[in-house]
There are 2 protein chains.
Amino acid sequence: MSTAGLARTRVRRADIVAAALELFADKGYLATTMDDIGRAVNVRGPSLYKHVASKQDLLVEIMETSIETVLRDHRVAVGSTDDVGDQLRRAVEAHVRFHARHRLEAFVGTRELRHLSEGARAAMAARRRDYERGFRVLVERGVAEGRFRVGSVRLTTYSILDMGVGVSVWFRDGEEFSVDEIAYRYGDLAMRLVGAA
Amino acid sequence: MSTAGLARTRVRRADIVAAALELFADKGYLATTMDDIGRAVNVRGPSLYKHVASKQDLLVEIMETSIETVLRDHRVAVGSTDDVGDQLRRAVEAHVRFHARHRLEAFVGTRELRHLSEGARAAMAARRRDYERGFRVLVERGVAEGRFRVGSVRLTTYSILDMGVGVSVWFRDGEEFSVDEIAYRYGDLAMRLVGAA
DNA sequence: GCCCCAGGCTAACAACAGCTAGCCGCAACG
DNA sequence: CGTTGCGGCTAGCTGTTGTTAGCCTGGGGC
């Protein structure tokens, strides 16, 4: 009865995940209830269990597809050229592009790591370390080839990564900058950081 | 009875706040229970209410003293010279120093903003905007005086701030770098970002 | 036209967490 | 020494949340 009748909603798993993503990003994982998620897809909380095993599952799915995307984009960027300078620039562009375009995923990905169950968290942490290493290796090679000049590879790498991550916090679509503009400009900034400007 | 007898613990408010800080940073505000905090100071959860009005109060106290410190340090740094370059450099050093030395406060400060009650959150958000503006103004002036050359004041400012914030995530005392080393190096990095190297 | 089951719903449970109530011991002070 | 109150403690209330159980409906396949 009530409104459920007319809202013959075909709720697919993807819709639920999308709703969960938005809520996790907005209120945080713990503060989001299954009822919240249900409401966002016009369903009562318990009905979600017809599509999803648990709330934790939603978080895991969000974070895993997210890191997978990032890693793939990174590989593509780095594989697209042999010039370290271009590799770093493109890797940064991909990094920033992701953190702008998928800002919710990125946001949840960094903020809710600790609410992942033991196993999933370990796996995610490893992936993220891989990703970081990818950048560090680039900076190192640039230095070795005499193309970059940095005070500390580690600090420079962290700086590049962190400023990209920051984009996911303040970016809003349709404001001053487009995703591409931001990607390019951050590419420039990264070049400055490694002393290759 | 039990162990409580011998552990004649004099629990002061400051100890409780310190314990809460550590737990909030480690597990997050929502995931931390009053019992957790009590356990950290050798007391049962409910006993905390003899010293503290609520869990929320603990968060508010942590975040307010934290932002107050940052703003004070910032003012001191900027007020110590008239040269924009030095001002920015010192502001960055102060920024990074805080995020390293008080990494838990900094971490909680950014992560738990949303779990602040309505009023406190608005106040904190305003303070944080002030802080950001402080940096933006410096970058703007540097550009106006022809000392800096940046693609976008806004993006450059965000980058500087975000890379400093990142320090609070990975910094550990007694590892590769000391707080001062990091502060100096990040000062250099910021100079590079504004094109004043 | 009948049956089946995907996918909704409500009820309810169990675990908790924040917080209050109310008790008690002991150290300090007069 | 008596008393007072700080600062513990336990019991317990209340509200919430993830999740399960079990019911019901309507549309698609035979």
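Treat the numbers as computed from the prediction; the structure is a model and nothing was measured. By convention in this document, chain letters (A, B, ...) are assigned in the order of the sequence lines, proteins followed by strands, and residues within each chain are numbered from 1.
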Any Lys/Arg nitrogen of D35(A) or R44(A) sitting under 4.0 Å from an Asp/Glu carboxylate oxygen of the other? no
Nearest listed nucleotide, side chain of P46(A), among dC19(C), dA11(C), dC9(C): dA11(C)
Nearest to the side chain of R44(B), which nucleotide is it out of dT19(D), dT10(D), dG18(C)? dT10(D)
Indicate yes or no: does E68(B) engage R127(B) in a salt bridge with an N to O separation below 4.0 Å. yes
Under 4.0 Å from OP1 or OP2 of dA6(C): is there any side-chain N or O of H51(A) that close? no
Write down the distance between CG (L30(B)) and P (dT16(D)), rounded to a whole number of angstrom. 15 Å
Just to confirm, is there a sub-4.0 Å distance from OP1 or OP2 of dA6(C) to any side-chain nitrogen or oxygen of K50(A)? no
Taking CE from M34(A) and C1' from dG8(C), how many angstroms apart are they, rounded to a whole number? 15 Å
Between D15(A) and R12(A) (salt bridge meaning N to carboxylate O under 4.0 Å), is one present in this structure? yes
Of all the nucleotides listed (dA11(D), dA11(C), dG8(C)), which has the minimum atom distance to the side chain of V43(A)? dG8(C)
Distance, rounded to the nearest Å, where L58(B) contributes CG and dG18(C) contributes P: 11 Å
Rounded off to whole Å, could you give me the CG-to-P distance for the D15(A) and dG8(C) pair? 10 Å
Check the distance between dG18(D)'s C1' and L59(A)'s CG and give it to me in whole angstrom. 15 Å
What is the distance, rounded to the nearest whole Å, between atom CG of D35(A) and atom P of dT10(C)? 10 Å
Which of the following nucleotides, dT10(D), dC19(C), dT19(D), is nearest to the side chain of S54(B)? dC19(C)
Checking side chain to side chain contact (heavy atoms under 4.5 Å, CB included) against L88(A), which of T157(A), L193(A), V194(A), V78(A) comes through? V194(A)
Would you call V165(B) and H95(B) a side-chain contact if the rule is heavy atoms closer than 4.5 Å? yes
I37(A) CD1 - dT17(D) C1' separation (whole Å): 12 Å
Is the distance from OP1 or OP2 of dA17(C) to the nearest side-chain N or O of T33(B) less than 4.0 Å? no
Starting from P on dT20(D), measure out to CG on L48(A) and report it in whole angstrom. 13 Å
With the side chain of S47(B) defined as its heavy atoms from C-beta on, choose the nearest nucleotide among dC9(D), dG18(D), dG8(C). dC9(D)
